[in-house]
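Structure, as structure tokens:
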2 protein chains.
Amino acid sequence: MSLPHALLTSLLEKPTSGSELARRFDKSIGYFWQATHQQIYRELARLEEAGLVSSTAEEGARGRKRNYKVLTAGKAELKRWMSQPSEHRNLRDEMMVRVRAAAIIGPHGLQEDIRIRLEHHQAQLALYREIEKHDFKDKPKDPKLGLQHLLLNAGIEYEQMYIDFCHKVLKQIESACDTRGKPRLKRA
Amino acid sequence: MSLPHALLTSLLEKPTSGSELARRFDKSIGYFWQATHQQIYRELARLEEAGLVSSTAEEGARGRKRNYKVLTAGKAELKRWMSQPSEHRNLRDEMMVRVRAAAIIGPHGLQEDIRIRLEHHQAQLALYREIEKHDFKDKPKDPKLGLQHLLLNAGIEYEQMYIDFCHKVLKQIESACDTRGKPRLKRA
DNA sequence: TTTGACATGTAACCCGTTACATGATTTT
DNA sequence: AAAATCATGTAACGGGTTACATGTCAAA
């Protein structure tokens, strides 16, 4: 249940509207926690209902921009949440399942899929590096930015790892095909 | 939608019952795709309904062990799925959200949380290494195991990366406290 | 034969997703 | 003023999770 707290964090940094939050979620926090605008609106309504945030707009002002800001209770809730043990989420990656399947029944076109993923992760890596250059390289050691820089670096390392993994799998599939002339298929 | 295909893969490797699959999912495939026994039973029922697997048990034999095996159509479906582009899942990690929050309102007990996570990931890493020693070290280069070894290594590298990240964050928080005597808090 | 563990199943809930609708605002 | 766009919202669905229920089998 991180979404409300991600929103609180984002609103604490700078009060804004739901649509703006949705856009901001494509960056920064969005690298580790994504949300569609429907989720965000739903959650903002709940947060307001719970008295954790307030918005500048009368009831039922559909279509008009609402500006949200965090109330004291909201900040308190965020602190409370921070001091609780976080829920652990395991890795969950469809491609890994496919690699496992390929180990059983052969590649069956997995290479193409991996190449697509490779492109995506390479693009993501390039984006992160661009952000790093733009946001962190000039300010040598602002301690306020330290944690955010660590987050960005975690993203960078993750992408590098993923890219590396893709290359290894491609190489492995290729070499297995070379040795045996053909991907291993147990005939049904 | 990987669960049915993960089940097909697992059943192709060795036909078994739902409960056994649930147990096996705690290992191997389970490192990258988890499922509770309810999900597994639900999905097995669907797969049988769709004619992709068959089970040894008359209708409505509740409580009695059912042995599932993959039918030809099931294997075909798995191959079809493998040649389709896979869905991309972004990272989604609650701890990262907390680190981001800590960058805004200060640590607030985050360190303790990180230490718990550290222990977990260290234990996971140790487990993976144990598996590697047990399953892969003696068989130097069985090409059939190549992909599975790569998967295991991906898990190992991921855990190492996560552990490393935790250490960095702890260090950063600590040093920030040293410099300023106290974690930076904007008073409400 | 009763107890307890095991195997399967039912039900309800919440989050995340998708499709779409409606009110406001800006552009032409 | 009509059209396009923006901001917010409603509704429905599916996967994943949790709690619990029921039937089977083996051990005491």
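Bear in mind the structure is a predicted one, so any value in this text is a computation, not a measurement. Order of the sequence lines fixes the chain letters, A, B, ..., with proteins taken first and strands second; residue numbering starts at 1 for each chain.
You'll find that the side chain of R62(B) is closest to dG9(C), out of dA24(C), dT10(D), dG9(C). Of the candidate nucleotides dT17(D), dT18(C), dA24(C), dT18(C) has the atom nearest to the side chain of Q38(A). Of the candidate nucleotides dT18(D), dT8(D), dT18(C), dT8(D) has the atom nearest to the side chain of K65(A). Taking every side-chain heavy atom of R46(A) into account, dC15(C) is the closest of dG16(D), dT8(C), dC15(C).
Taking atom CD1 of residue I40(B) and atom C1' of nucleotide dG16(D), one finds them 12 Å apart after rounding to whole Å. Spacing between atom CE of M1(B) and atom P of dC13(D) amounts to 17 Å, rounded to whole angstrom units. In this structure, R89(A) atom CZ and dG16(C) atom P are separated by 7 Å, rounded to whole Å. Remark: P of dT17(D) and CH2 of W33(B) are 10 Å apart, rounded to the nearest angstrom. When rounded to the nearest whole Å, the span between CD of E20(B) and P of dA7(C) equals 8 Å. Rounding to whole angstrom units, CG of residue L7(A) and P of dT8(D) are separated by 13 Å.
For the pair Y41(B) and dG9(C), the criterion of a side-chain N or O lying under 4.0 Å from OP1 or OP2 is not met. Between Q39(B) and dT17(D), a side-chain N or O to OP1/OP2 separation shorter than 4.0 Å is present. At least one side-chain nitrogen or oxygen of R66(B) sits closer than 4.0 Å to the OP1 or OP2 atom of dG9(C). Checking the phosphate oxygens (OP1, OP2) of dG16(C), a side-chain nitrogen or oxygen of R92(B) falls inside 4.0 Å. Within the 4.0 Å cut-off from OP1 or OP2 of dA7(D), at least one side-chain nitrogen or oxygen of R23(A) is found. OP1 or OP2 of dT8(D) sits under 4.0 Å from a side-chain N or O of S19(A).
Classification of the H121(B)-Y158(B) ring pair by plane angle, with boundaries at 30° and 60°, yields perpendicular.
Under the 3.5 Å distance criterion, the side-chain polar atoms of R100(A) are left unmatched by any main-chain donor or acceptor of T9(B).
Take the nearest nucleotide of DNA chain D for R42(A) and for Y68(A): the residue whose nucleotide is more 5' is Y68(A).
For CD of Q84(B), the number of neighbouring non-hydrogen atoms (other residues, nucleotides, ligands) closer than 6.0 Å is greater than 12.
The shortest distance between side-chain heavy atoms of M96(B) and L91(B) does not fall below 4.5 Å.
To the nearest 0.5 angstrom, H88(B) atom NE2 is 12.0 Å from D113(A) atom CG.
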